[in-house]
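Worth knowing before you read on, the calculation uses all heavy atoms, side chains too, and leaves out hydrogens, waters and symmetry mates.
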Amino acid sequence: MDLGLLIAQWSGQLPPGFLLPAERPEARPQCSHKRCHRPVAVKTNGAFAKACQRCLDRRARSCRRRRAFFVAQGGCRRCAYRKRAEGDFLCPRCREDRGVERARKRRDAIDAAAVDEFAARPETAHRTSDLACGLSPWNARPKAVPSAAYWSPLPDPEPKAKQDWRWSPCNGRLHRRY
């Protein structure tokens, strides 16, 4: 970056050799209203308006008067042209539009709160979820691997005839549970 430009930015002055564009009233077009020859107003974004500021203010006052008249005649307080609903100060269309706007604002506020909550959380290398129940790839036990004994058949049980504890001295037969 140029040092002169950097110093100018810090000091709040124009850099050396910078020429401002000439602001001449004849460079702006004339007001579009009849019998008005003043230069047009400049909008906040820097573009030219269609009329001068005095004509714009006059039209705004006229619109406010017309809307107040229609509202006094029973018009909607929002749009002023449609009839109000019974016992309400808005027409049905404006009431529905307002409901949509409020729902959108509510949704935006909920989304912004979720983003803020996420941004406020501390940075962590790994956070286990509730589904993991405290297990992570770093502290989990390895999965059990079946050994050869798992696949081999079970040994044959001891024959019942060799089980002396089953022999009954009373009747000389083997005890059976069932």
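- Within a 6.0 Å sphere centred on CD of Glu117, heavy atoms belonging to other residues, nucleotides or ligands number 12 at most.
- Shown here is Glu96, whose CD atom has no more than 12 heavy atoms of other residues, nucleotides or ligands within 6.0 Å.
- The line from CZ of Arg102 to CG of Asp97 is 12.5 Å long, rounded to the nearest 0.5 Å.
- Arg107 and Asp111 are joined by a salt bridge, as a carboxylate oxygen and a charged side-chain nitrogen come within less than 4.0 angstrom of each other.
- One finds a salt bridge joining Glu101 and Arg78 here, because a Lys/Arg side-chain nitrogen approaches an Asp/Glu carboxylate oxygen to under 4.0 Å.
- Closest approach of Leu56 and Ala41 over heavy atoms only: CD1-CB, 4.1 Å.
- A distance of 5.5 Å separates OG of Ser62 from CZ of Arg66, quoted to the nearest 0.5 Å.
- Atom-to-atom distance recorded for His37:NE2 and Cys52:SG is 11.0 Å, nearest 0.5 angstrom.
- Counting Ile, Leu, Val, Met, Phe, Trp and Tyr side chains that sit under 4.5 Å apart, directly or through other members, Leu90 shares a hydrophobic cluster with Phe89.
- Among residues at least two apart or in separate chains, side-chain hydrogen bond (donor to acceptor under 3.5 Å, both in side chains) pairs with a member in residues 50-59 are His33-Arg58, Gln53-Asp57.
- No continuous path of ILVMFWY side-chain contacts below 4.5 Å connects Tyr81 to Val71, so the two sit in separate hydrophobic clusters.
- What you find for Pro29 and Phe48 is that their closest heavy atoms are CD-CD1, 3.9 Å.
- In this structure, Gly74 and Lys83 approach most closely via the heavy-atom pair O-CD, 3.8 Å.
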Step-by-step side-chain contact (heavy atoms from CB on, under 4.5 Å) determination, Arg38 to Cys55: CA-CA 10 Å; Arg38 285 186 292 277; Cys55 291; 4.3 Å; yes

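- Taking both residues in full, the closest heavy atoms of Cys76 and Cys91 are given as SG-N, 3.3 Å, listed atom of the first, atom of the second, then distance.
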